[in-house]
Enquirer: 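Dropping a structure here in structure tokens format, bear with me for questions.
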Amino acid sequence: MHDFRYRNGVLRCEGIPLDRLARAHGTPLYVYSRATLLGHYRRLDRAFASVPHLICFSVKSNANIAVLRTLARAGAGFDIVSGGELERVRAAGGDPRRVVFAGVGKTGEEIALAIRAGILFFSVESAGELEAIAALAGRLGKTARVSIRVNPDVDAGTHRHVTTGRAENKFGMDLGSARAAYARAAAHPRLEPVGVQMHIGSQITETAPYVAAIRRIRPFVRDLAGAGIRPAYLDIGGGMGIVYREETPATAARFAAAVLPEVADLGMTIILEPGRFIAGNAGVLLTRVLYLKEGGGRRFVIVDAGMNDLIRPSLYGAFHSIVPVRRLRRRRIVADVVGPVCESADCFAACREIPAPRPGELLAVMGAGAYGFSMASNYNARRRPAEVLVSGARHALVRERERWADLMRGERIPAFLGGAPRKTARRPR
Ligand code: LLP
């Protein structure tokens, strides 16, 4: 479900023709629909309305502060995995008390930042991390709220790179270690065990893995209660799949219908951490065709976006539908749509049947709103693209295209290579 549609033969985002945005801001260009972001958020929010719940948008999927502001205003909390993401949430006006912090490698600096900000809880991924949080909370004279990220050892049936809830994955703790961690947290004056967290993977199209995971966690929660530990939050993570091609992922309603009977009687506040479900189909990557080329029996459409702008096809072999911004009567060809980066993996689509494009024409790579810009890099010294947010008939540049100088920011040539002395040279003692 999204708000990118053709009108009079031109693909629009809500009320805005995409060719107009490309002319105004250049390509490659990410374009996001505020209506789609909010639509997905609200659908999930409504589906869980019968229980106390909090939807924490997964910042890693799309960290643009205008996107975060859109969701913060709608009442969302945020799932973060770094100090940088916390800073982004704060810059967007998000409420730190609605922030949950996951990740296996939180540094002392990040933990201290989050304790000071007063986040809702840390999703603790190891016994060592729990001790680090306790020590820092002590030093800061605060209590830290924690959940233990439990690894339920279920197969989410998704790509091996994005499966996280198997015993062999690096995430979370097995139930035995988790039990010990709760006992430790309950006994520690600086720790407050407030939740139980799980996250089993990403782009999960079925509800069964969630149900299986929750069923593993339920007896565990009951045991905790027996030991006098009653966490108020059950965080079932993110991972809900979307349509990239012909998947038939569970809708918000079907997801809730499967999950709610498993959790309703626990009396806990349910937390969800969707990223892709909210942002995935809310964004496209606009790119212009540079050249057409044939060789070795293959036909190439060379575009101005590369794997540095959208790495999902190269990294996961992910499918993204690619459509012309202007629908013209064209014969269909089978071609590889490739970028300018000097890697054979810089390929958005291999042997894809598409209406024959011409140089200068615009293509839209669909489903690029999640893990698109947020995974972009400067590889090949390419400037990362600009981002535009559309809302009805309005649109705004929410991130400028990087400039050449941005590529070298913070770099310097040392004096021993003939570089100029640093302007802010430290005074000798
Ligand atoms: N919560 C935690 C703890 C996570 O690790 C993740 C994603 C999410 C929530 C959000 O998952 P989502 O609802 O977006 O599936 N780069 C990959 C996806 C990596 C997901 C990592 N963790 C991709 O482009 O497919």
Side-chain angles (χ1 to χ4, degrees), residues 37 40-41 43-44 54-63 67 71 76-82 85 99-106 119-125 129 147-152 156-166 169-173 195-207 209-210 213 233-245 247 249-250 252 255 259 270-283 285 307 309-320 348 365-377:
L37 290 166
H40 289 152
Y41 172 80
R43 219 165 287 151
L44 205 51
L54 176 63
I55 297 173
C56 291
F57 175 63
S58 194
V59 174
K60 67 174 84 66
S61 67
N62 188 323
V67 169
L71 294 164
F78 296 96
D79 154 53
I80 63 165
V81 286
S82 70
E85 289 189 350
V99 166
V100 297
F101 189 172
V104 296
K106 304 175 189 80
I119 65 162
L120 181 55
F121 60 72
F122 292 92
S123 296
V124 179
E125 308 233 14
E129 183 195 328
S147 290
I148 305 298
R149 177 162 176 185
V150 172
N151 185 328
T158 180
H159 193 286
R160 69 192 165 84
H161 285 174
V162 291
T163 244
T164 52
R166 299 301 308 276
N169 296 133
K170 68 175 176 179
F171 301 98
M173 295 192 218
V196 178
Q197 200 263 3
M198 66 176 226
H199 171 78
I200 54 175
S202 203
Q203 182 56 11
I204 303 168
T205 51
E206 305 290 326
T207 55
Y210 288 96
Y233 299 96
L234 176 62
D235 181 339
I236 62 172
M240 299 167 59
I242 63 167
V243 180
Y244 285 105
R245 194 177 196 166
E247 300 90 339
F255 180 71
V259 163
I270 304 304
I271 295 184
L272 305 165
E273 302 178 355
R276 192 189 319 266
F277 180 84
I278 289 176
N281 287 331
L285 174 61
M307 64 189 285
D309 303 305
L310 175 68
I311 203 174
R312 302 193 71 258
S314 312
L315 193 55
Y316 312 117
F319 181 96
H320 284 264
F348 290 116
V365 184
M366 306 300 290
Y371 307 106
F373 189 95
S374 69
M375 293 180 84
S377 77

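All values below were derived from every heavy atom in this structure, side-chain atoms included, with hydrogens, water molecules and symmetry-related copies excluded. Whatever order the structure lists them in is the order used to number ligands and atoms, beginning at 1.
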Enquirer: Give the atoms of ligand 1, by number and element, whose distance to some non-hydrogen atom of G275 is under 4.0 Å.
Expert: 12 (P), 13 (O), 14 (O)
Enquirer: Parallel, tilted or perpendicular for F277 and H40, by the 30°/60° rule?
Expert: tilted
Enquirer: Check each atom of ligand 1 against the heavy atoms of D79 and keep those under 4.0 Å away; list them by number with element.
Expert: 1 (N), 2 (C), 8 (C), 9 (C)
Enquirer: Rounded to the nearest 0.5 Å, what separates atom CZ in F348 from atom CD1 in I311?
Expert: 10.0 Å
Enquirer: Could you tell me how the ring of H320 sits relative to the ring of Y244: parallel (under 30°), tilted (30 to 60°) or perpendicular (over 60°)?
Expert: perpendicular
Enquirer: Would you indicate which of G280, G239, A279, C56 comes nearest to atom 12 (P) of ligand 1 when only heavy atoms are counted?
Expert: G239
Enquirer: Is H199 touching ligand 1 with its side chain, its backbone, both, or neither, if touching means heavy atoms under 4.0 Å apart?
Expert: side chain
Enquirer: At under 4.0 Å between heavy atoms, which part of Y316 makes contact with ligand 1: side chain, backbone, both or neither?
Expert: side chain
Enquirer: Specify side chain, backbone, both or neither for S202, according to which of its non-hydrogen atoms lie closer than 4.0 Å to ligand 1.
Expert: both
Enquirer: For A370, state whether at least one heavy atom is located under 4.0 Å from any atom of ligand 1.
Expert: no
Enquirer: If you take all heavy atoms of S123 and Q197, which pair is closest and at what distance?
Expert: OG-CG, 3.4 Å
Enquirer: Between K106 and E129, is there a salt bridge with N-O shorter than 4.0 Å?
Expert: yes
Enquirer: State whether D235 and R149 are salt-bridged, where the test is any N-O pair (Lys NZ or Arg NE/NH1/NH2 against Asp/Glu carboxylate O) under 4.0 Å.
Expert: no
Enquirer: Can you give me the closest heavy-atom contact between G275 and S61, atom names plus distance?
Expert: CA-OG, 3.3 Å
Enquirer: As an exercise, identify every atom of ligand 1 less than 4.0 angstrom from a heavy atom of P274.
Expert: 13 (O)
Enquirer: Give the atom numbers and elements of ligand 1 that come within less than 4.0 Å of a heavy atom of E273.
Expert: 1 (N), 2 (C), 3 (C), 8 (C), 9 (C), 10 (C), 13 (O)
Enquirer: Could you tell me which atoms of ligand 1, counted from 1 in the order shown, lie closer than 4.0 angstrom to a heavy atom of G238?
Expert: 9 (C), 13 (O)
Enquirer: Heavy atoms only, cut-off 4.0 Å: how does R276 contact ligand 1, side chain, backbone, both, or neither?
Expert: both
Enquirer: Under 4.0 Å, heavy atoms only, figure out whether ligand 1 is touched by the backbone of R149, its side chain, both or neither.
Expert: side chain
Enquirer: Check R276 against S202 and note the closest heavy-atom contact, atom names and distance.
Expert: NH2-OG, 2.7 Å
